[in-house]
2 protein chains.
Amino acid sequence: MTTEGEPLTKRDFEALARFRFGIRSYLRFSEETVRGHGLTPQQYQLLLALKGFPDRDWASVRELADRLQLRHNSVVELVNRAQGEGLVTRAAHPTDARAVRVLLTKLGEKVLAQLSTLHRDELRRMGSALTPPV
Amino acid sequence: MTTEGEPLTKRDFEALARFRFGIRSYLRFSEETVRGHGLTPQQYQLLLALKGFPDRDWASVRELADRLQLRHNSVVELVNRAQGEGLVTRAAHPTDARAVRVLLTKLGEKVLAQLSTLHRDELRRMGSALTPPV
DNA sequence: CGACTTTGTATCGTGATACGATATGAGGGC
DNA sequence: GCCCTCATATCGTATCACGATACAAAGTCG
């Protein structure tokens, strides 16, 4: 890879494009797998963000907005839809009455477990296609 | 990471979520940077796919559909919009009269070079946050 | 060299969803 | 208690990828 500041070579562009292709391939796999199980990609990411939240199994809307890199209102809508499908629930926040605790339902747990296994396997399959060029 | 078949541990979920967070962070950075230069994320990906195409500097719509992981008609629309902004051009395909050669304009080259440098730097900055868990 | 299939591009209408603007109500400092 | 900030929620809008469809060129095979 070229050093800081220098113009990129053809090979650098190819490397960047290849990496982007890797990401898109992974996301495409994710989308198809997840849709095959009846949820949208965003819903899977929501479930994963909950179960994968450090040291906890739930999160507030605001925390989710950070982890999903979305605006808070977008997360509200996402949670609404996921709740409508019985994947997550809302509960009172332990300390802050303004906030909400979003957590997985039994169904959400089950679907997430299946999907996550498939994703881990795909990650292994893709191997170095996903490692960023630097 | 857990071995094949076994159920995922909390730590596995965290690793998967962290990786997804990395991807979304990178894409978010990309989106904001790219929009700041007057193009959409898809347009940047289009330009990059062209310049980063192996051994060539152009591609057909079909090839782009593969590299961008989109349906061909979506690529047609994307190329239309990018062409409307003077970023790419269409030219006759050298051997196949059905196909089209999509290639960068001077403007497209210039913008792409600037943006790609920023992306390379961001990749360096993010470091291991983007390496897939396996 | 015709008829039939496949391949590449293009058009149109639709659906999903992230967003900005806005509202409501609970914290927390003073 | 007053004010400002923060967390969640609602609504209208715009973007964009998609399926369905159309058409033209290329390949195929008798």
Side-chain angles (χ1 to χ4, degrees), chain A residues 20 23-25 27-32 34-36 38-46 49-50 53 58-85 87-103, chain B residues 20 23-25 27-32 34-36 38-46 49-50 53 58-85 87-103:
Chain A
R20 201 82 180 207
I23 291 183
R24 292 207 58 93
S25 297
L27 294 181
R28 164 68 73 174
F29 160 83
S30 177
E31 169 155 8
E32 286 180 359
V34 148
R35 283 201 194 284
L39 19 153
T40 67
Q42 294 80 4
Q43 287 172 344
Y44 169 68
Q45 289 182 73
L46 171 62
L50 289 174
F53 203 88
W58 57 271
S60 73
V61 170
R62 178 146 290 280
E63 288 167 333
L64 288 171
D66 174 54
R67 290 239 116 204
L68 299 175
Q69 293 285 296
L70 292 175
R71 309 283 168 220
H72 38 100
N73 47 354
S74 304
V75 175
V76 170
E77 293 165 336
L78 176 56
V79 170
N80 287 343
R81 293 190 295 265
Q83 191 168 14
E85 311 226 351
L87 297 168
V88 301
T89 337
R90 272 178 244 241
H93 192 283
T95 61
D96 194 333
R98 293 170 301 180
V100 184
R101 204 153 64 127
V102 183
L103 37 89
Chain B
R20 200 84 180 204
I23 291 182
R24 292 206 58 94
S25 297
L27 294 181
R28 162 69 71 173
F29 159 84
S30 177
E31 169 155 8
E32 285 179 0
V34 148
R35 280 205 142 75
L39 21 151
T40 67
Q42 294 80 6
Q43 287 173 343
Y44 168 68
Q45 287 182 74
L46 171 61
L50 288 174
F53 203 88
W58 57 273
S60 73
V61 170
R62 177 145 291 278
E63 288 167 333
L64 288 170
D66 174 53
R67 291 236 114 205
L68 299 175
Q69 293 286 296
L70 292 175
R71 308 283 168 218
H72 38 100
N73 46 355
S74 304
V75 175
V76 170
E77 293 165 338
L78 176 57
V79 170
N80 287 343
R81 293 190 295 264
Q83 191 167 12
E85 312 225 347
L87 298 167
V88 302
T89 336
R90 271 179 244 241
H93 192 284
T95 61
D96 193 333
R98 293 170 300 179
V100 185
R101 203 152 66 129
V102 183
L103 37 89

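In what follows, chains carry the letters A, B, and so on, assigned in the order in which the sequence lines appear, proteins first and then strands, with residues in each chain numbered from 1.
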Closest listed nucleotide, where the reference is the side chain of A:Ala99 and the choices are C:dT11, D:dA7, D:dA17: D:dA7

Verdict with reasoning, A:Arg20 to B:Ser30, per side-chain hydrogen bond (donor to acceptor under 3.5 Å, both in side chains): CA-CA 11 Å; A:Arg20 201 82 180 207; B:Ser30 177; 3.2 Å; yes

Between C:dA10 (P) and B:Leu64 (CG): distance, integer Å: 11 Å

A:Gln43 vs A:Arg81, side-chain hydrogen bond (donor to acceptor under 3.5 Å, both in side chains): CA-CA, chis, key distance, verdict: CA-CA 8 Å; A:Gln43 287 172 344; A:Arg81 293 190 295 265; over 6 Å; no

Candidate list B:Leu50, B:Leu46, B:Leu39, test side-chain contact (heavy atoms from CB on, under 4.5 Å), partner B:Leu87, passing option: B:Leu39

Phosphate-side-chain proximity, B:Ser60 and C:dG8, N/O vs OP1/OP2 below 4.0 Å: no

Non-hydrogen side-chain atoms of A:Trp58 and A:His93 separated by less than 4.5 Å: yes

Flag, side chain of B:Arg67 to backbone of B:Ala49, donor-acceptor distance under 3.5 Å: no

Nearest-nucleotide 5' precedence on DNA chain C, A:Glu77 against B:His93: B:His93

5' priority, DNA chain D, between B:Ser74 and A:Arg90 [closest heavy atom]: A:Arg90

A:Arg28 side chain near D:dC18 phosphate (N/O to OP1/OP2, under 4.0 Å): yes

Contact under 4.0 Å: A:Arg101 side-chain N or O vs D:dT8 OP1/OP2: no

A:Arg24 side, atom CZ; B:Leu27 side, atom CG - distance, nearest 0.5 Å: 8.5 Å

Euclidean distance, B:Arg28 CZ relative to A:Leu68 CG, rounded to 0.5 Å: 10.5 Å

Nucleotide nearest B:Thr40 (side chain, heavy atoms from C-beta), chosen from D:dC16, C:dT9, C:dT17: D:dC16

Considering only nitrogen or oxygen atoms on both sides, find all protein atoms under 3.5 Å from nucleotides 22-29 of chain C and state each distance.
unit_1: C:dG27; atom_1: OP1; unit_2: A:Ala97; atom_2: N; d: 3.3

Proximity to the side chain of A:Asn80 - top-ranked nucleotide from D:dA9, D:dT10, C:dG8: D:dT10

Spacing between A:Leu70 atom CG and D:dA7 atom P, to the nearest angstrom: 17 Å

Under-4.0 Å side-chain N/O to phosphate OP1/OP2 contact, A:Arg71 with D:dT8: no

Sidechain N-carboxylate O distance under 4.0 Å for A:Glu31, A:Arg35: yes

Axial bend angle, the helix from C:dC1-D:dG30 to C:dC30-D:dG1: five-pair end segments, nearest 10°: 30°

